[in-house]
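Working notes for the structure below.
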2 protein chains.
Amino acid sequence: MKKFVDDPKQFVPQMLEGLALANPDTLRYVPEYNLIHRADGPSDERVSIVQGSGSGHEPAHVMTVGPGMLTAACPGDVFAAPPVEYVIETVKLMRSAKGVLLIVNNYTGDRMAFEMAEELAAAEGIEVRTVFVDDDVAVKDSLYTVGRRGVAGNFFVMKAVGAAAESGASLDELVRIAEKVNSVTRTMGLALTACTPPAKGSPLFELGDDEVELGVGIHGEPGRERVKLGSATEMVGWLLEPVAGDLPVASGDRVALMINGLGGTPVSELYLAYGIAHKGLTGKGVTVDRSYVGEYCTSLDMAGISLTIVRLDEEIDTLLSAPAEIAIRVF
Amino acid sequence: MKKFVDDPKQFVPQMLEGLALANPDTLRYVPEYNLIHRADGPSDERVSIVQGSGSGHEPAHVMTVGPGMLTAACPGDVFAAPPVEYVIETVKLMRSAKGVLLIVNNYTGDRMAFEMAEELAAAEGIEVRTVFVDDDVAVKDSLYTVGRRGVAGNFFVMKAVGAAAESGASLDELVRIAEKVNSVTRTMGLALTACTPPAKGSPLFELGDDEVELGVGIHGEPGRERVKLGSATEMVGWLLEPVAGDLPVASGDRVALMINGLGGTPVSELYLAYGIAHKGLTGKGVTVDRSYVGEYCTSLDMAGISLTIVRLDEEIDTLLSAPAEIAIRVF
C-alpha cells in the first residue's frame, strides 16, 4: 500500500485534524464524534443540515461544510456508516428551533444509523427529518443497498437545500426541495482501477489491465458489467447514454452536467471527458447550462469517473446559483 | 494505459476544449495556439500575465486563468515546452499598453521558447518582461534544467502578481513582486508512483512497491534519492525539514504552507499530510497564517505530494488575500 498513512485506525481522525488546522476561521472539529461543523455553528434562523456516510469519499462530506452547504458532517471510518452515537450527538449539537435535516445516501448501514438517530432525537423533542439520495442508475440493488445507491448526485441535493436553508426556508420546504432535486438527478460511474482502503492495505477488488468496471459503486461494489477498456469517447458514452435515458432528457431540456473524479484520475482527463459529454448532450438538442468538473464524491484513490445529469428548472437553477463557502470549491 | 484518452495527439486539445465548454462565461479558447485566456481579454489598464509550460500539470496553468490570476496560458503538449510561435502569438493577442509579464518555470526548453518570444515581441514594440520561478530545493541541476526547477511554488508568484496587476501596478512593480515572492518560496516533492504520459502509454519510470522517489521533479525527473516507503509522518518530515532548512524559517516567522497533490493522491491523504506538516512548523515556533491543500501543479496521474513554504510579510500576505476567480479553486 502506497499511501500517506500512519496508523490506519487514525486515518480519519488525522485527516479531520488536518482539515480543521487548514481552516481555522471557518470550521470546527469535535474529535469525539468525527464531527466537522461550520465555525459559526447552528442558528435558530435556519434549519441545520447534517450529512454522515462513511469516510473515503472526500470532499464529501466533511469538506462541503460551510455557509450555503452543510452545517455539519459526522463521518464514520473509511467506507463504514457513522455510529448512531455520532449522529445523535451531532444532531443535538446542531439543534435549531427550525429543525434539523439529515441527508443520507441510500446505503443500508447509513440508513440504519440515521433512522435510529432520528427516533432518538425526536424523543428529545428535536424536530428532525431525513431525506435519502439514490441517484445511481447502474444497479437496482447492490452489495450494501436495497434500491438504488446514492453517489455524487448528492452534491446537488446538498447545494440546493443549503441555499434554501440560508434564506430561511422551513424544514418542510427543504424536504420538498431535496426530494425534487433527487428526483431529477441521475448518475453512473466507471472504474479504471480498484481503490485501496488504508486498513486493508491492498486493492478492494481485482481488475485486469484491460478491464473497467462499468457502473461501479463508490465502495468498489460491482456494477453492471466488467468490460474491455475503451477510448475516452466510448467510455463517456457508456455512462452518458444510460444516465440520459433513465432521467430521461429530451431535446429542449436544460441540464447541469457533472464529471466527478473518483480520486485517482487527474483533472486533465476530467475536462477531456467533460468535453465529450457536453458535446454528446448538445448533439441531442439538450442545453448544458451548468458545468461541474472535479472531485465531488470519491472512492479513495480509485481511478475513474462518474457522470451526473440534473434536469433543471428555474427553481433548481436559482438554488444551484446561490453563493456558498466551503473548504473545497466544487461549483 | 488506463486513461480517458482518444488519440494521444489530441489529449491536450480535447482537454482545452472541455475546459472552454465548461467555462463559457469566463474563458476563451484559441485552438491554433493552445491558448486559454480570460473572456474579457487584455486591458490597457493592467499588465497582461502569461504563463506557458508543458501540459500535464493541471490545474497549472490553463485552469488558473482569470481575474486576479493569469490573463492567459499557452501550454505545449504533455511535458513539452510550448512552441515559440504559441508564445509570440499569445503575447500579441494579450498585448497591453502597460506591458506583458511572462512567468516561466525554470526548465531549459521553456526558457528558450519564452526568451525567444520576448525578443520577437520587443522587435514588434511590445513591452515584455520575463520572470523565472525556481522554488524546488531537491536538486541543483536536473535532467531538463540548469539551476533549480520551478514547481508548485509558482502558484504564489502567479497569485501575487495577479493581484497586483488587477490593482493597476506597473510592469516593473510586477517583476519586483514576482522576484520577491520567488525568493521566499521553497518546495520539495515525493513520488509514490510514476506517471503515465498518454503518448508513451506506460509509466515514465520504474519504482518498486516499497520505494518512493524523494525530491522527484514534476516530469518524473529523478530527485535526491530513492528510499523505502515510510509512514505519513516520516515522509512529510522528509519534505518539511529540507524545505524549512533551505528557506530558512525560524521561530517567530509567519508562513503560508501548501500540500500539493501530484495528481493521483486523494484529498483525504493531502489533508492528513497537511496536519502533520502544520504541527511540525508550529513545533518550531513558526506561525502558519495561510493554508493551501489540494492540486496546484500535478504530474499527470502521479501519486505523491509536494510541500511548499512561503515566508510571509505584510505585502505578500495582502497580495495572497486578494480575490481571484478561476476555474479551479486553489486558495
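None of these values were measured; they are calculated from a predicted model. All chains are named by letter (A, B, ...) in the order of the sequence lines, taking the proteins before the strands, and each is independently numbered beginning at 1. Side chains are part of it too, since the values below use all heavy atoms of this structure and drop only hydrogens, waters and symmetry mates.
Summarising the geometry, atom CG belonging to B:Leu272 is positioned 10.5 Å from atom NZ belonging to A:Lys3; distances are rounded to the nearest 0.5 Å. The distance from the CG atom of B:Leu270 to the CE atom of A:Met63 is 8.0 Å, given to the nearest 0.5 Å.
Contact annotation for A:Leu229: only side-chain heavy atoms (C-beta onward) come within less than 4.5 Å of a heavy atom of chain B. The parts of B:Thr233 that come within reach of chain A are both its backbone and its side chain, each placing non-hydrogen atoms under 4.5 angstrom from that chain. Both the backbone and the side chain of B:Ile305 come within less than 4.5 Å of a heavy atom of chain A. For A:Ser268, the parts sitting under 4.5 Å from any heavy atom of chain B are the backbone and the side chain alike.
Considering only heavy-atom pairs separated by less than 4.5 Å from chain B, the leading option among A:Glu58, A:Lys2, A:His278 is A:Lys2. Heavy-atom pairs under 4.5 Å with chain B were tallied for A:Gly304, A:Ala273, A:Ala277, A:Ser231; the largest tally goes to A:Ser231. Among A:Leu262, A:Asp209, A:Thr298, A:Leu300, the residue with the largest count of heavy-atom pairs under 4.5 Å with chain B is A:Asp209. Heavy-atom pairs under 4.5 Å with chain A peak, among B:Gln14, B:Met302, B:Glu269, at B:Glu269. Here A:Ala232 is the residue among A:Gly261, A:Ala232, A:Gly275 with the most heavy-atom pairs under 4.5 Å with chain B.
By the 4.5 Å heavy-atom criterion applied to side chains, B:Leu190 and A:Phe4 are counted as neighbours.
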Which atom pairs, one a donor and one an acceptor, fall under 3.5 Å between side chains of residues 17-25 of chain A and the rest of the protein, sequence neighbours left out?
from, atom 1, to, atom 2, distance (Å)
A:Glu17, OE1, B:Lys279, NZ, 3.0
A:Glu17, OE2, B:Lys279, NZ, 3.2
A:Asn23, ND2, A:Leu19, O, 2.9

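Panel note: side chain A:Asp301, backbone B:Thr265; no donor-acceptor pair is recorded below 3.5 Å.
Take A:Ser53 and apply the side-chain hydrogen bond (donor to acceptor under 3.5 Å, both in side chains) test, not counting sequence neighbours, and it matches A:His61.
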